[in-house]
Amino acid sequence: MRTFIAVFGNNIHRLRPYVASLAVITLVTIGSIWAAVFVTGLQQTRAHVAYVTSDVASAPASSEQITITPVSTAPSRSQLMCQRYDASVTPQADGSLAVTTLRGDDFAQLVRMLVANPNAELPPSGTDRGTGVNVVGFLMMFLLNISLSCLIPFAEDREKGMLSRVAETPASLIAYLTANVMLCLLLMTPELVAIALMELAGIDLGFPLATFAGLMLVIGLLGTALSLLVHMLIRKSDDASMLGSAIVMLTSLFSGTFFSMDGTNKVVAAISNVLPQHALMDFATALQNGTAGAQIGSLVFVLVVTAAMAGAALVILRRTYLRLS
């Protein structure tokens, strides 16, 4: 316990020169919560459709569920990929509607139904993201990056050779590592406080505070495990931080934390499905829909990946610095 308290307090002191940069990323992360609430409101519109016709007056009217934009020529595939439109609809001579979309046959059928009756009442989809799921998705990348930033003291100790001295002292190396991990989790407190204040102000964020705390804990442990592994593989702290940030950014984008990857390119979907962030989003969606038990495997997968990365980091640490104290 002595080692833990000493290292934890010392690490907080060592982060003082980085207060400004940590404050910036914290403010951006809190801003992402507001962005998630805003995006959830926009998602009430199910589709943005280009209606291909030479007669603008013949185009169906838009509604809260669908936005229909008359166009003279069908949008290109690149416009669909950039999500300028979710689909293009071309009326046929026999009265049917030809729908072009990158989001799969189910979405195409949804578009046909809404174009035929823009005010149709549709059953809620189990994959629709509510405010809580969007908040978790928007927080994900920023919290993972915070986990990279908070291991600055550990990275400096390793790069400057201090870690080998710690390993040779009677102090517990496990306590030393635990202090670094706890610092990472502590730095996520401002986001949790911001969520609590928003809920007290009457803003519906989708999940209770305890649920957010649990999910943020899992994200923090995942990010810390990744950070430890990257810093053990790469000695220079700046290079390790850059690699870690690149990994976090790319995997977060491919896993669909900001928007669902359902119905996208099969290769992209396959990559997304094996990423822990995607599994955690699946679990958050199940929590939203009250079916968490059916998706418990997704949470277990995230914890297994976290444990595997942490275990690999410890193996490298043990081989590098003899044995754990």
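Residue numbers run from 1 in the order of the sequence given. All values below come from the heavy atoms of this structure, side chains included, with hydrogens, waters and symmetry mates left out.
Taking 4.5 Å as the limit, every side-chain heavy atom of Thr306 sits out of range of all side-chain heavy atoms of Pro276. Using a 4.5 Å cut-off on side-chain heavy atoms (C-beta onward), Leu144 and Leu226 make no contact. Contact annotation: the side chain of Tyr85 never approaches that of Thr101 to less than 4.5 Å [non-hydrogen atoms, C-beta and beyond]. Taking 4.5 Å as the limit, every side-chain heavy atom of Thr69 sits out of range of all side-chain heavy atoms of His48. Between Leu15 and Pro153, some side-chain heavy-atom pair lies under the 4.5 Å cut-off. For the pair Ile152/Leu22, no side-chain contact is recorded, criterion being any heavy-atom separation below 4.5 Å from C-beta on.
Taken from CD1 in Ile271 to CG in Leu253, the straight-line distance is 12.5 Å, to the nearest 0.5 Å. Between His278 atom NE2 and Ser298 atom OG the span is 7.5 Å, to the nearest 0.5 Å. Taking CG of Leu80 as the start and OG1 of Thr100 as the end, the distance is 7.5 Å to the nearest 0.5 Å. Taken to the nearest 0.5 Å, the CG atom of Asn10 stands 13.5 Å off from the CD1 atom of Ile5. For the atom pair CG (Leu280) and CG (Leu299), the distance works out to 7.0 Å, reported to the nearest 0.5 Å. Note that the CG atom of Leu314 and the CG atom of Leu228 stand 7.5 Å from one another [nearest 0.5 Å].
Minimum interatomic distance between Ile68 and Ala61 (heavy atoms only, all atoms of both residues): CD1-O, 3.6 Å. Smallest separation of non-hydrogen atoms from Val111 and Ala87: CG2-CB, 4.2 Å. For the pair Ser255 and Gln277, the tightest heavy-atom approach, listed with the atom from each and the gap, is OG-CB, 3.2 Å. Between Leu229 and Ala312, the closest heavy-atom pair is CD1-CB, 3.9 Å. Of all heavy-atom pairs spanning Arg158 and Ile234, the tightest one is NE-O, 4.2 Å.
Criterion: ILVMFWY side-chain heavy atoms under 4.5 Å apart, direct or through other members. Under it, Met242 and Val24 are not part of a common hydrophobic cluster. Both Ile25 and Leu192 are part of a single hydrophobic cluster, where members link through side-chain heavy atoms under 4.5 Å apart. In the hydrophobic cluster analysis, where Ile, Leu, Val, Met, Phe, Trp and Tyr join through side-chain heavy atoms closer than 4.5 angstrom, Leu233 is grouped together with Ile247. No continuous path of ILVMFWY side-chain contacts below 4.5 Å connects Ile30 to Leu197, so the two sit in separate hydrophobic clusters. Tracing side-chain contacts under 4.5 Å through hydrophobic residues (I, L, V, M, F, W, Y), one reaches Val28 starting from Ile33; they form part of the same cluster.
Remark: Tyr51 pairs with no residue by the ring pair (Phe, Tyr, Trp, His ring centres under 6.0 Å) rule, at least two apart or across chains. Remark: Thr178 pairs with no residue by the side-chain hydrogen bond (donor to acceptor under 3.5 Å, both in side chains) rule, at least two apart or across chains. Val274 meets the side chain to side chain contact (heavy atoms under 4.5 Å, CB included) test with no other residue; sequence neighbours excluded. With sequence neighbours excluded, the residues forming a side-chain hydrogen bond (donor to acceptor under 3.5 Å, both in side chains) with Ser76 are Ser78, listed by chain and number. With sequence neighbours excluded, the residues forming a side chain to side chain contact (heavy atoms under 4.5 Å, CB included) with Ala74 are Val52, listed by chain and number.
Here salt bridge (Lys or Arg N to Asp or Glu O under 4.0 Å) pairs that include residues 292-315, with residues two or more places apart or in two chains, number zero. Among pairs with a residue in residues 236-251, those fulfilling salt bridge (Lys or Arg N to Asp or Glu O under 4.0 Å) read Glu159-Lys236, at least two apart in sequence or across chains. Under the salt bridge (Lys or Arg N to Asp or Glu O under 4.0 Å) criterion, the residue pairs touching residues 10-33 are Arg14-Glu156, Arg14-Asp157, with sequence neighbours excluded. Applying the disulfide (SG to SG under 2.5 Å) test to residues at least two apart or on different chains, none of the pairs has a partner in residues 189-245. Residue pairs meeting the ring pair (Phe, Tyr, Trp, His ring centres under 6.0 Å) criterion with at least one partner in residues 286-319, sequence neighbours excluded, do not occur; the list is empty.
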Going through the distances and angles, do Ser241 and His231 end up as a side-chain contact (heavy atoms from CB on, under 4.5 Å)? CA-CA 8 Å; Ser241 295; His231 282 294; 3.9 Å; yes
Start with the C-alpha distance between Val115 and Val99, add both sets of side-chain angles, then the distance that settles side-chain contact (heavy atoms from CB on, under 4.5 Å), and finish with yes or no. CA-CA 10 Å; Val115 170; Val99 178; over 6 Å; no
The test is side-chain contact (heavy atoms from CB on, under 4.5 Å); show your working for Phe207 and Val133 and say whether it passes. CA-CA 8 Å; Phe207 291 143; Val133 179; 4.1 Å; yes
side-chain contact (heavy atoms from CB on, under 4.5 Å), that's the test. Do Asp86 and Val49 meet it? Break it down for me. CA-CA 6 Å; Asp86 295 312; Val49 171; 5.6 Å; no
Side chains of residues 179-191: which donor-acceptor pairs under 3.5 Å do they make with residues two or more places apart or in other chains?
residue	atom	partner	partner atom	Å
Asn180	OD1	Asn11	ND2	3.1
Asn180	ND2	Tyr176	O	2.8
Thr189	OG1	Leu186	O	2.7

Which donor-acceptor pairs under 3.5 Å do side chains of residues 209-224 form with protein atoms, sequence neighbours excluded?
residue	atom	partner	partner atom	Å
Thr224	OG1	Gly220	O	2.7

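For the pair Thr131 (side chain) and Gly206 (backbone), a donor-acceptor distance under 3.5 Å is absent.
Between the side chains of Asn289 and Thr291, no donor-acceptor pair of N or O atoms lies under 3.5 Å.
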